[in-house]
Amino acid sequence: MDTMTIVPTLQEALAHTSASIGFTRRVGNTRLVHASLTQLLQAFPNTLPDPASTARDSSWASERRVALVFGREESGLTANELSLCTHSCSIPTGPVQPSLNLSHAACVVLAQLFEQRTSNHDADVAAVKQVPKQHQPAPRSDVESLINRWTELTDAAGLGLADSVGGTGSHGRKRRTAGHVKAVLSRAQVTVQELRVLHGLCSALLERVQQADL
């Protein structure tokens, strides 16, 4: 508790993460929610740092921060909060108890991660190679910077693409083009090098659009 850091917003908390998993039992029409953590990791096996890599190079683990995001005890995570996470995931439950309280949900997830980490550790350590900086997933703050650059480009081109439309508050909304692009960039875990290339492309296209308007 003495080393705990408290920040005012979820966006700030996720700024220096390479991936984040929001746990929810709401499916919704604007996000992909995996049925379980196992299913998520099968689809996106690089979401979590490899135990062997962290054993060989502890600095690599510090640069691959992954956030586990849980919601409020009574209402869970909002749609806007889930949109900030790179992945959304449910915790399997039964009809008698369709949802878990916050402490139980956290315990289930942490126990599953601990089991997976310890079972794979010995077999992987011998073969690991250090991952170069440019091939590591870019921090969330850098991905947000790219998304803002892309939005600036589409606005300059007169496209005016909205994230989502319709619904009331954060419920019942339908994702539009910009929302889909943001979701893809967040979920794809683009590397530092890939992000630089995309950022440069957006900047070059924006310069062309601005020159054409003169």
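Below, all heavy atoms of this structure are taken into account, side chains as well, without hydrogens, waters or symmetry copies.
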Derivation and outcome, side chain to side chain contact (heavy atoms under 4.5 Å, CB included), residues Arg149 and Glu152: CA-CA 5 Å; Arg149 195 65 167 168; Glu152 187 179 354; 3.1 Å; yes

Side-chain heavy atoms of Leu40 within contact of Thr47, under 4.5 Å: yes

Those residues that, when tested against Leu77, pass side chain to side chain contact (heavy atoms under 4.5 Å, CB included) (two or more places apart): Val69, Glu81, Leu82

Cluster overlap Leu100 with Phe23, hydrophobic side-chain contacts below 4.5 Å: yes

Common cluster, Val190/Val197, ILVMFWY with side-chain heavy-atom separation under 4.5 Å: no

Nearest-0.5 Å distance, CG of residue Leu14 to CZ of residue Arg65: 12.0 Å

SG-CH2 distance between Cys202 and Trp150, expressed to the nearest 0.5 angstrom: 8.5 Å

Full working for side-chain hydrogen bond (donor to acceptor under 3.5 Å, both in side chains) between Ser20 and Arg140: CA-CA 9 Å; Ser20 51; Arg140 174 71 186 186; 5.5 Å; no

CG on Leu48 to OG on Ser18, rounded to 0.5 Å: 9.0 Å

Between Ser141 and Glu144: side-chain donor-acceptor atoms closer than 3.5 Å: no

From Leu32 atom CG to Ser88 atom OG, the distance as rounded to the nearest 0.5 Å: 7.5 Å

Rounded distance (nearest 0.5 Å) linking atom CZ of Phe70 with atom CD1 of Ile91: 5.5 Å

side-chain contact (heavy atoms from CB on, under 4.5 Å) partner of Val7, the single match among Thr5, Thr9, Leu10: Thr5

Partner set under salt bridge (charged side-chain N to carboxylate O under 4.0 Å, His left out) for Glu12, not counting sequence neighbours: none

Nearest non-hydrogen partners of Ala138 and Leu195, listed with the distance: CB-CD1, 3.7 Å

Asn80-Thr78 side chain donor-acceptor pair, cut-off 3.5 Å: no

Residues Gln112 and Thr38: side-chain donor-acceptor under 3.5 angstrom: yes

Contact summary for Ser36 and Pro92, nearest pair of heavy atoms: CB-CG, 3.7 Å

Pairs involving residues 186-213, ordered by first then second residue, that meet ring pair (Phe, Tyr, Trp, His ring centres under 6.0 Å) (sequence neighbours left out): none

Side-chain (Glu115) to main-chain (Ala111) donor-acceptor, under 3.5 angstrom: no

Min side-chain heavy-atom separation Val66-Thr17 under 4.5 Å: no

Within 6.0 angstrom of Glu74 CD, more than 12 heavy atoms from elsewhere: no

Enclosure of Arg25 CZ (heavy-atom neighbours >12, cutoff 6.0 Å): no

Residues Leu68, Leu113; criterion side chain to side chain contact (heavy atoms under 4.5 Å, CB included); working and verdict: CA-CA 11 Å; Leu68 306 177; Leu113 291 176; 3.6 Å; yes

Whether His87 and Phe44 hold their rings parallel, tilted or perpendicular, with breakpoints at 30° and 60°: tilted

Val109-Leu41 co-clustered via ILVMFWY side chain contacts under 4.5 Å: yes

Distance, nearest 0.5 Å, that separates CG of Leu201 from CG of Leu206: 11.0 Å

